[in-house]
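Just so it is clear, the model here is predicted, and its values are computed rather than measured. What you see below is based on every heavy atom in this structure, not just the backbone, and it leaves out hydrogens, waters and symmetry mates. The sequence lines fix the lettering, A, B, ..., with proteins before strands; numbering per chain opens at 1.
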Amino acid sequence: MVHFEHVKKNYADGLCALEDVNLHVDKGEFVFIVGASGAGKSTLLKLILREELPTAGTVRVNNVDVARLRRREIPFFRRSIGVVFQDFRLIPHMTVYENVAFALRVTNAPVREIRKRVPFFLNLVGLADKARQMPEHLSGGEQQRVSLARALVNTPSLLIADEPTGNIDPAMSCDIVDLLGEINRCGTTVLMVTHQIPLVQRFGHRTVAISQGRVVHDGRIGGGSARKQS
Amino acid sequence: MVHFEHVKKNYADGLCALEDVNLHVDKGEFVFIVGASGAGKSTLLKLILREELPTAGTVRVNNVDVARLRRREIPFFRRSIGVVFQDFRLIPHMTVYENVAFALRVTNAPVREIRKRVPFFLNLVGLADKARQMPEHLSGGEQQRVSLARALVNTPSLLIADEPTGNIDPAMSCDIVDLLGEINRCGTTVLMVTHQIPLVQRFGHRTVAISQGRVVHDGRIGGGSARKQS
Amino acid sequence: MRASSLSYLLREGMRSIFKNRMISLAAIGVLVACLLLVGASHLLTQNVNSLVGYLESQNEVMVFLDDAAKGEDLTYVDTKLRALDNIASVTFISREEGLKTWMEQLGDDGTLLEWLVEDNPLQNSYRVVLRDLSRMEETLSQIRNIAGVETISASREMAQAVTSLKDGIARAGFAVVVILAGVSLVIVANTIRLTVYSRRKEIGIMKYVGATDTFIRLPFIAEGILLGVISATIAFLLLWAGYTGFVRWVQEGSFAWAGILQSHIVPFSSVASRLYLYFLAGGVGIGTLGSMIFTGKYLKV
Amino acid sequence: MRASSLSYLLREGMRSIFKNRMISLAAIGVLVACLLLVGASHLLTQNVNSLVGYLESQNEVMVFLDDAAKGEDLTYVDTKLRALDNIASVTFISREEGLKTWMEQLGDDGTLLEWLVEDNPLQNSYRVVLRDLSRMEETLSQIRNIAGVETISASREMAQAVTSLKDGIARAGFAVVVILAGVSLVIVANTIRLTVYSRRKEIGIMKYVGATDTFIRLPFIAEGILLGVISATIAFLLLWAGYTGFVRWVQEGSFAWAGILQSHIVPFSSVASRLYLYFLAGGVGIGTLGSMIFTGKYLKV
Ligand SMILES: Nc1ncnc2c1ncn2[C@@H]1O[C@H](COP(=O)(O)OP(=O)(O)OP(=O)(O)O)[C@@H](O)[C@H]1O
Ligand SMILES: Nc1ncnc2c1ncn2[C@@H]1O[C@H](COP(=O)(O)OP(=O)(O)OP(=O)(O)O)[C@@H](O)[C@H]1O
Ligand SMILES: [Mg+2]
Ligand SMILES: [Mg+2]
């Protein structure tokens, strides 16, 4: 599903955010990505979404080399990926409902479909009563959950979530990871960046640790088979 | 230092974010504020900063009734409070250095002072090498730390921090709470919202729990004298 | 495109205008101001043209007849003259009338010429007013070919002056309208650029969620069209009110020139529909193009 | 205010312009366009005024002398006429010259008047050109009081027409400049409004960090002033180039009217410094005021 081969990413100012990253995630996997602040986790996800292009190496997602995508194809490529952004990225002038519906509208979904799916997913993240609010009138955790609902509403084949529980209390964080696990069991590949080690330990999925742009650990934390990087 | 008396906060749409809140924080205290997403924690902090006004009850900070502040006095009032915002609120067109320096400039600090203090605090949060970056080129955790440096640079008498470790890895989170503790020992009152129960347990400061707009617990978690709300 | 998307687009466009009242008002203000400028200079040109048309009608050609031409010959010349297509009016002036007028013009000194009545040195003549001064030469040669016509006296300089004046005004008017339209375009384009710029984040987000360029653009375009229509209508109504007021002021005015102005002012109704059409085309065109061009820059994410 | 803050403010203003190139360019574009419009209409008014001044100088008064006035009397009248302050030029036309000119004007028919040479019915006269037509009546009565003057023939209608034309142009020119300035103000204010609007978040952040209103405003004002100066300079240079090109075009033109235009076109140098001053005042004023007014709205947090 996601394949990084000798990927290197330098930002415009010469900063090397990723260095020789090799990572293979199969269809249906659930992977935690952990690492210190500034390690390069978000950069990794940005490469998957083609928000940034790799400086060297190849990134293949769904058997597509992201660097080879033509401009016209990018939107369709992105629709197959659900994203929870670290900074939420809600559209400020649309209500919560419209923000979630937007991800369906871009796919030309029929109104009936939108009317059914949007309330369902808002309910799933516990925001059914906030549907008509504007994002700026939500608490931090609520915004984050809207972002999650938007990522899920399309039933994407790949879900990438950048600290989706960073602003959410522990109890609800567990619920959300449970939810992601549920979705994962239904066939969606999940990549989730998190700082909350308790979560990682509790759910025991494959965990990739990044430090200073390099993958330093790959495998279950505390037992399980760790595939150490060469 | 901070006194809430029967404070109630209704937002424009009628939503009741805080209900009959009584809270007294003395000078020199370190208080954790915990609670579910949407419980009203940020609202509490916004009332202290006079970003919002209470619907009923009085909020007194530094012996000043915030509702009675005249427009001209607000900036001077705010300068005595250092704030780490949940959404960072960095000025997008200024570099990291300028963002931190800005909090000094507004106080008409001399250039010598700025040149000394800004690098010192950037170093304290581990961002000495990012001084010339623009905020949008920083990782989530780095932006959060810039916000922290800006809150500290003024040596405020009151520091309020809204999830200052939400985007930061556990190791660095500990360092940051250590840092806040250090500052607290030097006399600054600290109010910190957090979801990370391990932190709360480890540092064992007074903890205020909020649920659905009400203070439901006040005191040390796990031992210590809990002052239960009536 | 599905009906659902279409309704979404229209709804978005409309809602955006109301939501971003600030920006919409700014854009409408700018567009209205520009349309007003262009419209006002168009009306001015039209009026000056109408005045010059009057000046032109004041120009005449004197056609002097052979002394031999009498009775039937005169009718013949008359018919021939009236048959020419570039001729607005024909007035016969007999030699007797001519002398009388001349003597009157000289005033007191005219009595000195009384002895001439016996031996009138003047000729029968026609005062001919041309329709189109620029075709003067052609018409003069046609008149010259009529049997019975001896000489023609025409003020070629006056003809040239009026023609070149008309020409100059047409050009100047065109230039002013073109320049103003150009300036308006710059201003409106910049406004739209600012509008789009202030929403660049939003556009980026849409792209990351998988929206195609077209999908992002369409609400902007819908908004542009709507803004164009609103601005055109406001500008049209303002110009209407302003111009009507101006016309009334002129009509009631008692200053010199008022007479000429009063009878040659262009009524608003005669340009209204065309003007509104121009305004609509301009407003919608600029709104649409502006939204299309300037979204482009932020679509590349 | 400390020197450190001052240097910060200036630095911020400048840097902001370069950082927000997009917005700055838009604002400059709009301001330049507006200044150009106002400047161009000012130049136009000046030129039309100069032309009307020429028209005015074409106007003359004929002063006919008593048949009895001869020799010394003529010198006396001459001196008296030249002593009047509203008189631009005085030309003596003797009765013989007058007759000759008349005969020439009549052309062929003039020979008929040859017998008049013996008994010239004309009078000695002066052709007097007035400086200021609006003071005509006053001057005429002064002339009438000079001994030796019999009658005066003056075209009062022409005087009135030119005076009202001048008046009309002065008013119309003023109106156009005022209207354009008003439109420009609306446009520029809207642009600044947009600019400030797109930074409202930033302004809010500054307030939350404890900045006073003044402290937030000053960089905006510095920016406004800088944008004003830049725009004024660009507009001035563009107008200079454009107008010089226009003057050259007229000078080289061979169309009718070219002669009159050529000698009465206003050279750029004669208005340059005033124009630049206006532009600077306008640009800086609008930039400053706009930044001040429109930041206000977002300062209330
Ligand atoms: N657009 C950019 N231009 C320049 N440098 C950048 C840019 N984006 C990120 N960086 C730098 O690249 C490094 C990795 O950033 P990244 O966002 O991937 O970190 P992260 O692992 O997500 O950290 P966090 O947990 O704090 O979000 C950081 O040092 C950051 O400053
Ligand atoms: N400006 C506003 N207008 C209307 N409702 C608001 C506004 N700001 C916050 N709210 C609502 O008030 C409630 C409390 O919000 P608050 O931001 O205080 O929560 P919080 O405890 O900080 O949550 P989180 O941990 O998710 O940040 C939420 O339900 C939120 O939707
Ligand atoms: Mg990150
Ligand atoms: Mg909050």
Against chain C, label A/Ile81 side chain, backbone, both or neither, depending on which of its atoms sit under 4.5 Å from a heavy atom there. neither
Regarding A/Asp162 and A/Ser42, is there a side-chain donor-to-acceptor distance under 3.5 Å anywhere? yes
Taking the ring centre of each residue, are C/Phe236 and C/Phe268 less than 6.0 Å apart? yes
Report which part of A/Arg72 has an atom under 4.5 Å of a heavy atom belonging to chain C: side chain, backbone, both, or neither. neither
Could you tell me whether the side chains of A/Thr55 and A/Tyr11 share a donor-acceptor contact shorter than 3.5 Å? no
Proximity breakdown for A/Phe77 and chain C, heavy-atom pairs closer than 4.5 Å: neither
Within this structure, what is the CD1-CD distance for the pair A/Ile48 and A/Glu51, rounded to the nearest 0.5 Å? 12.0 Å
Measure distances from A/Arg71 to the heavy atoms of chain C and classify the residue's part below 4.5 Å as side chain, backbone, both or neither. side chain
